[in-house]
Amino acid sequence: MPPSAFRPMKPGWTAVADALAEAQRNEPLNPVEHTPHSQIDPGDNAFLYQFVPVQVAAKQFAQRGLLETAVTKYKEAIPILVGNGFEVPLPTVSGGGLYSEKYVEMPLFKRTALMQACNDIGQFFMKTGDDEEALRWFLEVSIIYKNAHLHDKNEVLFDWFDINIPLDLVYLERIKALVFASNVFLKLGNTSMGAHRRAECTKIVFGSPPGFNIKCLEGMDWKNCLERLPTLRHPDPKLSLNLNIQCKELQAMGSWLKIQIPSDKNIQRRSDFASFVWNGRYYVAGGEKSMGGPFFRDIRYIVLSDLEAGWHFHLPSYPIRKSMGGRMSNWSICVDDNKAYIFNGSPVVDYFDLVAEQWSSIKTKFPASLNGPHGPWPVEDLQDYSMVAYDGKLYVFGGTYERCEVGQNTLLELDLKTHGWRRLSGYPGPKLTAEYTCPGPRRYASMWVDKRVSGGEKIYLLYGDADRVSAKQGGQVYGASGCYAYDDLWSWDIRKEVWRRERIDGNPPCPRSEMGCTFNEKLGMTILFGGYSPTLETYLPEQKKCHSFTYFGDTFLYIPPSSSPSPSSERPKFKQVITRGFPTYRAGAHLFTDPATGKVYLFGGYTNSQLIPEPRDDAMRSYADLWQLRLDVPGGHFEDANLEEDARTARVGPWQRCFNCGNAGPWKKCGGMFVWLQLVDEIDIHSFSLH
């Protein structure tokens, strides 16, 4: 499939693309002139006409190179639209969250003018080199638009549905924000988010109403990027060697070290397993080698202070027969009071006593509220859910089962003293209800507890996907020809028992599921690795094949809100970890932290063999490798890293970097020299910057 196949062609698209690439404008479009008169309140019209002259003056300052003055001028004009005392972008240190009643109730033309102002201010910050501030303002455009979903309270939609706002300028400002943000992400080496933002632009263009006319996008190299971005891996081996810290507020240096374990003391390759840390040991239970098996029911551990000794195999396997208890695959295990609890949806919850080293179970009781019009409960085949333990309780969110393949969004709480369950939010399916006050139905979301957050303990939920393809194949509701990858971060306040959708500030991973995830209490941050996207396309030039999905090998940090917020507190945000080498692109890997030392490790996972060099014919390749991540942050054990050695010898995904030239990619060794299987042009990441 040629690169042009990445974008569905329709009549007139070539002309539109040419216009996007060539059009240049200096004067802002007047939202009043482009808004249907029926949607303009005469009283508000005067306020908007006060805004436009200030907007023009700000752009004139920018053209003269007075960027700080331009930003100041624009910020003086924003209260004309939102009123005095309202902070734009929305605050994150105090209050926080993505929802804003002000944005929800704004008239359409004021909302559009504010989106335009955020885009302009973001561009000003781009020109000054302040990437963090630029991204905040571009993100605000998306937040303003998302709040428009809440305007019609009579029709609540699932996230995979978009809303049709009858104004060309709304689409234009959304596209501009995505394009400019993509430029910043690509400049920083975050190829996954850069490619995702461009893919979102394409969806908006092709999903726009008939007659939609984009009149301006500044300096947009649209066609070239559409064809080149899907050829990148994330990270890309041709780029990782030359990536450096450009913005310490958005990036951190790191180094991956593969732990060598003797083959006779290693564990079998596996994915979809459960794992946990207890008493200086890392435990792995169950899982599968490939989609067709074999399926494991064992439990093994490795001592973190003596990794070279390898895995210990003497523990008893899970005793419940597969016909009764399921495959022991795609489950989670959490530890409380020296017991490792495993859950599959059944009221009988099995656990492994870590002191006695034997299996047992408890009988629990589900509330009657779970058996209602949304579907019966319990189910005994729940998989792909997220689970954490905190303060004597288990919290379980989402997952899939046979009658609800798309995923569900119930948040359940099990009190391990009373053995009683509570439904805290959401519905078990299959008759799901769309809600704006809690996360949507999904599987494979990343979930962690942070008890250090100001204002109380919180459970965080990040991304995941809705398996609409399996739902369609099973003839179930909400089925579609493509999955939906969520682009959201939620926090559950354990004390107040309420969800809040959070901003995704900084330099985050693109939407994905099946990420490795661990909260490191010693570092006070969450570390994320890899994952799978069912929507981000991959084009393999050497194979001339296009895939509608991709796997990741990139690493990120989430810095939570400070435990003692103040005006000088750092905003919660994501950072990308820049590494010279990295484990093979994969999903389902488990990240974990040694509580005693704060060291971060990665184990296992799987990938699709079509995307990596693989001599076998298996469609899925699983792993049993163990890695340590060293981070250039206080307490991150970065003093043990050797970046020069990494640059010459570190593994780069499935490839080994050439010791002599530093290149990595599909090569073979011939006559003592490394030879490329085909010529590949070196990609300069800055060539994707479009300003």
Side-chain angles (χ1 to χ4, degrees), residues 131-132 188-192 234-237 239-261 277 280 282 302 304-308 448 450 452 506-509 515-530 552-560 562 570 572-584 586 589-603 625-653 656-657 659 662 664:
D131 294 331
E132 183 179 17
L188 295 172
N190 188 349
T191 56
S192 68
H234 314 292
D236 194 278
L239 304 177
S240 60
L241 181 63
N242 298 316
L243 290 178
N244 293 296
I245 300 298
Q246 301 182 54
C247 178
K248 64 180 181 180
E249 291 79 16
L250 299 175
Q251 297 168 302
M253 207 69 201
S255 173
W256 282 103
L257 173 68
K258 187 172 184 180
I259 307 298
Q260 301 298 327
I261 296 177
V277 175
Y282 175 62
I302 191 169
L304 296 177
S305 61
D306 189 15
L307 296 173
E308 292 75 12
W448 67 91
D450 185 355
R452 303 166 24 139
N507 190 13
M515 283 185 290
C517 170
T518 180
F519 178 75
N520 189 311
E521 289 198 28
K522 284 189 175 294
L523 301 182
M525 62 183 66
T526 301
I527 299 98
L528 303 155
F529 173 83
F552 303 97
D554 43 8
T555 309
F556 293 87
L557 309 175
Y558 177 67
I559 316 298
S562 171
E570 186 177 38
K573 61 186 175 185
F574 288 87
K575 292 185 178 182
Q576 184 179 17
V577 180
I578 303 298
T579 62
R580 296 288 181 254
F582 48 90
T584 298
R586 68 185 73 186
H590 285 209
L591 276 177
F592 62 95
T593 299
D594 181 354
T597 63
K599 291 182 178 180
V600 177
Y601 298 94
L602 177 142
F603 172 78
D625 49 352
L626 183 65
W627 298 73
Q628 182 190 348
L629 174 65
R630 289 83 59 88
L631 294 166
D632 190 12
V633 299
H637 299 276
F638 197 68
E639 63 275 6
D640 300 328
N642 187 332
L643 295 185
E644 292 185 3
E645 185 71 10
D646 285 354
R648 293 183 296 170
T649 63
R651 290 195 63 84
V652 187
Q656 184 74 38
R657 193 177 296 283
F659 184 86

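Values below: all heavy atoms of this structure, side chains included; hydrogens, waters and symmetry mates excluded.
Separation of atoms CD1 (Ile259) and CG (Leu307) is listed at 5.5 Å; rounding is to 0.5 Å. For the atom pair Asp632 CG and Lys248 NZ, the distance stands at 11.5 Å (nearest 0.5 Å). Interatomic distance, Trp627 CH2 to Leu602 CG, rounded to the nearest 0.5 Å: 9.0 Å. Note that CG of Leu257 and CZ of Arg630 are 4.5 Å apart. Values are rounded to the nearest 0.5 Å. Rounded to the nearest 0.5 angstrom, Leu591 CG and Leu528 CG are separated by 7.5 Å. Note: Asn190 CG to Asp554 CG = 7.0 Å, rounded to the nearest 0.5 Å.
Closest approach of Ser255 to Phe638, counting heavy atoms only: N-CE1, 4.2 Å. Residues Pro595 and Val277 share a closest heavy-atom pair of CD-CG1, 3.8 Å. Closest heavy-atom contact between Leu188 and Cys247: CD2-CB, 4.2 Å. Here the closest non-hydrogen pair linking Pro583 and Arg586 is CB-NH2, 3.7 Å.
Evaluated for a side chain to side chain contact (heavy atoms under 4.5 Å, CB included) with Thr597, the options Asp594, Thr593, Val600 yield exactly one hit, Asp594.
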Side chain to side chain contact (heavy atoms under 4.5 Å, CB included) between Glu521 and Phe519, intermediate numbers included: CA-CA 6 Å; Glu521 289 198 28; Phe519 178 75; 3.6 Å; yes
Derivation of the ring pair (Phe, Tyr, Trp, His ring centres under 6.0 Å) call for Tyr282 and Phe592: CA-CA 8 Å; Tyr282 175 62; Phe592 62 95; 3.6 Å; yes
Check against side chain to side chain contact (heavy atoms under 4.5 Å, CB included), Ile302 and Leu626: CA-CA 11 Å; Ile302 191 169; Leu626 183 65; 4.2 Å; yes
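Residues Ile527 and Leu631 have side chains in contact (heavy-atom distance under 4.5 Å, counting atoms from C-beta outward). At least one side-chain heavy atom of Met253 sits under 4.5 Å from a side-chain heavy atom of Ile578. Two residues are said to be in side-chain contact when any heavy atoms from C-beta on lie closer than 4.5 Å; Phe556 and Pro508 fail this criterion. A 4.5 Å side-chain heavy-atom check between Phe529 and Leu629 finds every atom pair outside the cut-off. Using a 4.5 Å heavy-atom threshold, the side chains of Ser192 and Phe552 count as touching. Counting heavy atoms from C-beta outward, Thr526 and Pro560 have side chains that stay 4.5 Å or more apart. In this structure the side chain of Lys575 never reaches within 4.5 angstrom of the side chain of Met525, judged on heavy atoms.
Here the side chain of Arg580 pairs a donor or acceptor atom with the backbone of Leu243 at under 3.5 angstrom.
The pair Asp640-Lys599 does not meet the salt-bridge criterion, since no charged nitrogen lies less than 4.0 angstrom from a carboxylate oxygen.
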